Asker: 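This is the structure I have questions about; it appears just below.
Numbers here are sequence positions counted from 1. Remember, it's a predicted structure, so these values are computed and weren't measured experimentally.
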Amino acid sequence: MNTELLEALNILEQEKNISKETMLDAIENSLISACKNHFGTSENIKVIMDRETCDYAVYAEKEVVEEVFDPALEISLEDAEQIDSALQIGDVAQIPIESKSFGRIATQNAKNLILQKIREEERKVVYDQYFEKEKDIVTGIVQRYVGRNISINLGRADAMLTENEQVKGEVFHPTERIKLYVVEVKNTPKGPKILVSRTHPELVKRLFEAEVAEVKDGTVEIKSIAREAGSRTKMAVWSNEENVDPVGACVGMNGTRVNAVVNELRGEKIDIINWSDNPALLIENALSPAKVISVMADPDEKAASVIVPDYQLSLAIGKEGQNARLAARLTGYKIDIKSETQAIESGELPEDYMEQMGMEEAGYGENYEEGYDEQYPQEYEETPADTAYDEIEFIETENE
């Protein structure tokens, strides 16, 4: 038994996860390559290796002839009889080859072939390991900044967090542990190239799967996510069981679950709403926390017209249009938001609508609006409500 070789192969299998069978094949190929370098040909070379004991033997098959013209392929009858007296003209003799007789160059080439195979298998094992984590989250350790990119150690491989995949304003320090979304894993000659992200919407989804058991087991389903990394995320959830509140499950007792995700995202705000197959209801929920008077949605055109109270217009649009923009991405509808006054002027609401609904008595009068102005500055009211909201999709809707 070749104990040294067997022990070395076992160590490679345990530490680097390289199969013994693969390495035995590499050794066979290296021996054939060495014979080719030493004898000039390997066509008649046979390598026999015991997979259990790692004992091996190398033979050169040569035809027995009366007169030798090619010593690499032929052997004289006299020489053949010294190996096996039963050999005759025309038989094939198996001539044992001692690997010790190989020259320095042949030996070095064989060694390089084995080392190359080991490196290839290492890269393949690492690639397979991280390819399984594609579209999932991993934990990495910040190593250093490379220009504006960040080198992240994932364990057996390094990943590069590019500037485009970084959240604006996030600053990391060496040895800091962060969670990342694996966007893509490519196999290259220099090893796996792993693209990771901190801005991808799926990062939020995977974080909730890790924190919320109901999401992980499929009881609560995340239907849609719209995210502006570092600022705000809107997420629509749906429960497959009547007795389970999807929003409550994601928020957790005293907000523990959602806060864990918020902390990992460095304070990014997260709005969790109920999903609905009714586009009107879904749009109303998506514009939360703003209150909505009516929603008219056109499923064919993927467009919706929303009317909100005058004092809610700024809140519905959001700072720099963010609330409306995220609602449009979440639902997939182009959303046009109008105030009551604008709707009345355009004829979408009757002129006596305010009196019919008794808005003054309902507390929507001047005093309420003044308090609202202090909390939501008027500059946001002038943000165009119909810009850049044509990004995703809604469903079907009716006025509530």
Side-chain angles (χ1 to χ4, degrees), residues 1-129 131 156-157 186-193:
M1 179 180 291
N2 194 335
T3 55
E4 291 184 1
L5 179 58
L6 183 61
E7 185 178 346
L9 294 179
N10 287 334
I11 291 174
L12 276 174
E13 192 168 38
Q14 293 173 5
E15 294 185 355
K16 299 185 179 295
N17 202 24
I18 301 175
S19 70
K20 187 189 300 181
E21 188 67 27
T22 300
M23 291 311 305
L24 289 173
D25 289 340
I27 292 171
E28 286 186 2
N29 293 332
S30 68
L31 289 170
I32 292 174
S33 175
C35 290
K36 183 175 182 180
N37 287 315
H38 187 71
F39 300 109
T41 181
S42 61
E43 294 179 2
N44 61 330
I45 301 299
K46 300 296 181 183
V47 178
I48 300 174
M49 180 167 283
D50 190 318
R51 261 44 182 175
E52 298 297 327
T53 64
C54 291
D55 289 332
Y56 65 91
V58 184
Y59 297 95
E61 295 183 341
K62 296 184 180 182
E63 184 181 0
V64 180
V65 296
E66 291 182 357
E67 185 176 357
V68 177
F69 293 99
D70 187 351
L73 301 174
E74 299 173 340
I75 186 173
S76 66
L77 179 59
E78 182 181 353
D79 293 337
E81 287 177 344
Q82 293 179 5
I83 299 172
D84 187 350
S85 58
L87 291 172
Q88 298 179 359
I89 301 296
D91 291 342
V92 176
Q94 289 189 333
I95 314 301
I97 298 175
E98 293 291 336
S99 57
K100 294 180 181 179
S101 64
F102 293 157
R104 181 180 61 83
I105 296 177
T107 304
Q108 187 64 36
N109 288 339
K111 175 185 175 183
N112 291 339
L113 190 63
I114 295 174
L115 292 176
Q116 180 182 354
K117 186 63 177 178
I118 292 175
R119 287 192 292 268
E120 288 177 358
E121 285 301 310
E122 281 184 314
R123 288 194 293 265
K124 183 177 182 298
V125 167
V126 174
Y127 170 77
D128 291 341
Q129 176 183 345
F131 182 75
R156 299 190 63 182
K186 295 181 180 179
N187 198 6
T188 69
K190 294 183 179 181
K193 182 179 180 181

Asker: Run the side-chain hydrogen bond (donor to acceptor under 3.5 Å, both in side chains) test against Glu61 and tell me which residues pass, sequence neighbours left out.
Answerer: none
Asker: Let me confirm one number: the CG-CD1 distance from Leu113 to Ile118, rounded to the nearest 0.5 Å.
Answerer: 10.5 Å
Asker: Verify, without hydrogens or angle tests, whether Glu28 (side chain) and Val47 (backbone) share a donor-acceptor contact under 3.5 angstrom.
Answerer: no
Asker: Sequence neighbours excluded, which residues qualify as side chain to side chain contact (heavy atoms under 4.5 Å, CB included) partners of Ile11?
Answerer: Glu7, Glu15
Asker: Please report the closest heavy-atom contact between Ser30 and Ile27, naming both atoms and the distance.
Answerer: OG-O, 2.6 Å
Asker: Taking side-chain hydrogen bond (donor to acceptor under 3.5 Å, both in side chains) as the definition, give me every residue that meets it alongside Gln129, ordered by chain and number, with sequence neighbours left out.
Answerer: none
Asker: For Leu77, what residues pass the side chain to side chain contact (heavy atoms under 4.5 Å, CB included) criterion, not counting sequence neighbours?
Answerer: Val64, Glu81, Ile89
Asker: Going by heavy atoms in the side chains, are Arg123 and Thr188 under 4.5 Å from each other?
Answerer: no
Asker: Could you report the tightest heavy-atom contact between Glu74 and Phe69, atom names first, then the distance?
Answerer: OE1-N, 2.8 Å
Asker: Quick one, Glu63 and Leu73 - any side-chain contact, counting heavy atoms below 4.5 Å?
Answerer: no
Asker: How long is the straight-line distance from CE of Met23 back to CG of Asn10, given to the nearest 0.5 Å?
Answerer: 12.5 Å
Asker: Strictly by salt bridge (Lys or Arg N to Asp or Glu O under 4.0 Å), give each pair with a member in residues 17-27 just once, sequence neighbours left out.
Answerer: Glu21-Arg51, Asp25-Arg51
Asker: Tell me, please, which residues at least two apart from Glu121 pass salt bridge (charged side-chain N to carboxylate O under 4.0 Å, His left out).
Answerer: Lys117
Asker: With sequence neighbours excluded, what pairs up with Gln116 under the side-chain hydrogen bond (donor to acceptor under 3.5 Å, both in side chains) test?
Answerer: Glu120
Asker: With Ala157, which residues qualify under side chain to side chain contact (heavy atoms under 4.5 Å, CB included), at least two apart?
Answerer: Val126, Tyr130, Ile194
Asker: Could I get the full list of side-chain hydrogen bond (donor to acceptor under 3.5 Å, both in side chains) partners for Asn187, not counting sequence neighbours?
Answerer: none
Asker: Restricting to salt bridge (charged side-chain N to carboxylate O under 4.0 Å, His left out), what partner residues turn up for Lys193, sequence neighbours left out?
Answerer: none
Asker: Would you please name every residue forming a salt bridge (charged side-chain N to carboxylate O under 4.0 Å, His left out) with Asp79, sequence neighbours left out?
Answerer: none
Asker: Which atom names give the shortest non-hydrogen contact between Ala93 and Leu87, and what distance separates them?
Answerer: CB-CD1, 3.5 Å
